[in-house]
Amino acid sequence: MTQKQLTELLSTMTIEEKAAQLTQLTPASLGAGCVTPLTGPDCGLRMPPELCGAAGSVLNCSGAREATALQKAHLEKDPHHIPLLFMADIVHGFRTVFPIPLAMGCSFSPAAAEEACRIAAEESAASGVHVTFSPMADLVRDPRWGRVMEAYGEDPLLNSRMCTASVKGYQGEGFKDPRSVVSCVKHFAAYGAPEGGREYNTVDLSEGVLRETYLPAYRASLAAGAGMVMTSFNTVDRVPASASRLLLQRILREEWGFTGPVISDYNAVGELVSHGVAADGGQAAAQALSAGVDVEMMSLHYVNSLRQALAEGAVTEQSLDEAVLRVLTLKNELGLFEAPFRGADPEAETRCHLSPAHRQAARRIAGQSIVLLKNEHVLPLDAGGRKIGLTGPFAASRQVLGGWSAGNTEGVSLYEGLCGRFSEGSLHPESCGELVPLQEGGGDIPPLPAGFAARFSDCDVVIAAVGEHQSDTGEGASKAFLRLSPRQELLLQELAAAGKKVVAVIFSGRPLELAPVLPSCSALVQAWFPGTEAGNALADILSGDVNPSARLSMSFPYTVGQIPVYYNHFRTGRPEMPENAGTRYVSRYLDCPAEPLFCFGFGLSYSEFVYSGLRLLRDGSGLSAAVTVANLSAAEGTETVQLYIGDVTASAVRPVKELKDFRRVRLAAGESQTVIFRLTREMLSFYREGGFGFEAGRFTVMIGRNAQDTLSETIFIDEALIGKEQP
Ligand code: BGC
């Protein structure tokens, strides 16, 4: 359709039809029968029967046959024959499930994120999905919050690069390509900073932190072409995001020039009443629409009250029409008016869902996301010797996909993966019972039978697969305690006390507090939730077929009392330094280090990498930093070389350091390479009132293997050295 035809169509719609076009419900709420469980509070919603045929979009319905049947029935009912838009949470894969996003962040590989999202797009588009609610660009610093699993971690640059790659992967060749899906970036904005890590709690940030730290990944997603934006549940500067003109008008539309539709999160329009900024649903609808929420998800305030709000002048017809036009335009860009069933195709589903090529990619990418945190010469495992023990609640569990797995339930268990790599006879599995989720009133495994560790008398090494239940991660899964459950800690301690070399494999959706079990473990492998190919990918790592290359996307605290603990914190007036160590009036804890147990960017390899010769290079076109990285071991491996910069003196307090670039470098045994990073003006700029800008002065350039272990050089940089603004 042409834009003129869309405008003509709009002019034939009644106010109620326009409001319905701006409403998103599940098939059940549309009266169409639903197979997918609701994700938030089930509001018992029902579209008024006379408007069922006028609804604009559907939440979480997938399957080529279901989607096609629903679209067909809808088109017969809708007097204007406007096709439905199908949106769903395709978060880390569809039928083929990839590692949770926090783990994907650890790959430091935008290419891997793009590939995973491309596959997810192909699989879900074949099942009739048009828009995915992904990526979640919310930056996270608090592992108590359950949704850290859905984020790419604590760093703005890594987050932005991974989000950019995800959008590219989902959207592929463009909206018209029936094998792509539109990316709806969420949750705008700053949902990842709830106070105390408690779900749906207040967010309160300074403008500088909001703009420098929390906003860049949403902006990067939009710059990559993301077609939609979802608002967040939280407040920003005391205004709920779904009523925030600052976020939705000034920043999103005026500063960033976004023209696509904005959707509320689940019932977030209705929640303006619980927030206490609207007295009733009518006020909530007027506030949300006027602020810039085009589509209302899972509440019916637009449908129920926009006519009256217009009559009272609480909203303008222009904002209503603009919102509807944005939705119609997206449908048109997807080609739905001509091809309402788009990519939905049962044959394509059979062909591509869980295809061998997709599973292979899932295994490879999971291998790039598993982080080796400790290794006292026990890994890779030697299959030639005595038996390898295997226990822990995740040893044989197939519940290894992580939340938001698009209705899938099972992946390859660790035991199945190990059996594919080592002969069954070389393994000695012993069950210790199941981990019952906290969500179900549990939280632990059953008591260990007396003398449990003695059952492994034929083993020197025991793999203990422990962690948190996947239902205790994700939305509505905040935790105040982050230790492994008491009986899991005991399991590790008893195995160590029995003289076993314990290889702990941790399944979790967040950084857990691992300090209490560290002394009991000879090796520690952070598996996260690796997805469909979990067991195979872990067997690759444990056997040494794959050399670990992942680096932490989020700091691991010593203890909950340190949280938030993240590497790019601001400088303080009284930093703890070697000169004042142990004295009273410095910024420190008496009972715990100030630094995390494992810092951002940390991760071991079976290779040994050595950094040397950091140097700053000036040439005609600007400034670069170079370092030499050598692989001194006999194992080929991949190192993630990380560039950090600290602004020594500026007109506002700056973080001690910030990641500015990184590169994965593959090095053969004995090989060394020089890695060169170009330093740009953008890397040295920060937010002051009125925008981002550069201030001449001294900067410390750091390159290294993680946020704590770097080589550094300090240099004065002025306009002449760094060059003018790049266009
Ligand atoms: C979540 C969103 C999700 C939506 C739809 C909400 O509860 O916060 O992330 O996209 O449900 O399922």
Side-chain angles (χ1 to χ4, degrees), residues 23-30 34-43 45 56-62 85-94 100-102 117 120 124 129-140 145-152 163 166-167 170 181-194 197-201 203 217-218 221 226-235 240-242 261-272 274-275 288 293-299 402-408 439 471 473-478 509:
T23 302
Q24 174 162 128
L25 297 173
T26 57
S29 294
L30 280 171
C34 178
V35 280
T36 320
L38 304 179
T39 56
D42 176 357
C43 319
L45 286 181
S57 56
V58 187
L59 171 64
N60 282 342
C61 163
S62 63
L85 199 53
F86 288 81
M87 310 199 201
D89 292 286
I90 315 302
V91 173
H92 52 113
F94 187 58
I100 55 171
L102 193 62
C117 293
S124 57
V129 175
H130 304 145
V131 179
T132 175
F133 296 123
S134 177
M136 183 177 106
D138 307 325
L139 183 123
V140 290
W145 191 48
R147 299 195 83 166
V148 300
M149 64 148 289
E150 297 171 58
Y152 286 125
C163 285
S166 306
V167 172
Y170 288 132
V181 292
V182 171
S183 160
C184 174
V185 57
K186 68 187 184 188
H187 306 85
F188 193 64
Y191 181 31
R198 183 159 52 80
E199 184 65 292
Y200 313 128
N201 202 9
V203 170
Y218 309 104
S221 307
M228 281 190 74
V229 171
M230 183 192 290
T231 65
S232 53
F233 288 125
N234 55 280
T235 54
S242 300
V262 171
I263 185 169
S264 80
D265 201 351
Y266 200 109
N267 190 37
V269 174
E271 287 167 22
L272 296 181
S274 338
H275 273 294
V293 175
D294 301 316
V295 180
E296 177 185 16
M297 184 201 292
M298 290 307 282
S299 47
W404 294 111
S405 300
N408 289 333
Q439 301 273 14
S471 347
T473 76
E475 187 174 355
S478 291

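In each ligand, atom 1 is the first atom listed, and ligand 1 is the first ligand listed. Quick caveat: nothing in here was measured; it's all calculated off a predicted structure. The first residue in the sequence is number 1, and the count goes up from there.
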Notebook entry, point to check: Which is it for Ser274 and Glu271 under the side-chain hydrogen bond (donor to acceptor under 3.5 Å, both in side chains) test, yes or no, and what are the steps along the way?
Noted result: CA-CA 5 Å; Ser274 338; Glu271 287 167 22; over 6 Å; no

Could you list which atoms of ligand 1 come closer than 4.0 Å to a heavy atom of [X]?
X	answer
Arg147	1 (C), 2 (C), 8 (O), 9 (O)
Phe233	7 (O), 8 (O)
Tyr266	6 (C), 7 (O), 11 (O)
Phe133	10 (O)
Asn60	12 (O)
Met230	10 (O)

Item checked: Aromatic ring proximity, centroids under 6.0 angstrom, Trp404 and Phe133 -> no

Notebook entry, point to check: If you measure from each heavy atom of His187 to ligand 1, is any distance below 4.0 Å?
Noted result: yes

Checklist line | Close approach, Met136 and ligand 1, non-hydrogen under 4.0 angstrom | finding: no

Check: Where does Glu475 meet ligand 1, judged by heavy-atom distances below 4.0 Å: at the side chain, the backbone, both, or neither?
Finding: side chain

Check: For ligand 1, is any non-hydrogen atom under 4.0 Å from Glu150's backbone (N, CA, C, O), its side chain (CB onward), both, or neither?
Finding: neither

Note to self: Tell me which one of Trp145, Tyr218, Tyr191 satisfies side chain to side chain donor-acceptor pair (under 3.5 Å) with Asp138.
What the structure shows: Tyr218

Item checked: Lys186 N/O under 3.5 Å from ligand 1 N/O -> yes

Checklist line | Criterion side chain to side chain contact (heavy atoms under 4.5 Å, CB included) against Met87, the qualifying member of Val182, Asn60, Val131, Val58 | finding: Val131

Check: Side chain of Asn408, backbone of Phe94: donor and acceptor closer than 3.5 Å?
Finding: yes

Checklist line | Heavy-atom closest pair, residues Ala241 and Ser232 | finding: CB-OG, 3.2 Å

Check: Aromatic rings His187 and Phe233: how do their planes relate, parallel, tilted or perpendicular, breaks at 30° and 60°?
Finding: parallel

Notebook entry, point to check: Atom OG of Ser124 and atom NE2 of His130: how far apart are they, to the nearest 0.5 Å?
Noted result: 10.5 Å

Next item on the list: For atom 10 (O) of ligand 1, state which one of Asp89, Val91, Thr132 supplies the nearest heavy atom.
Entry: Asp89

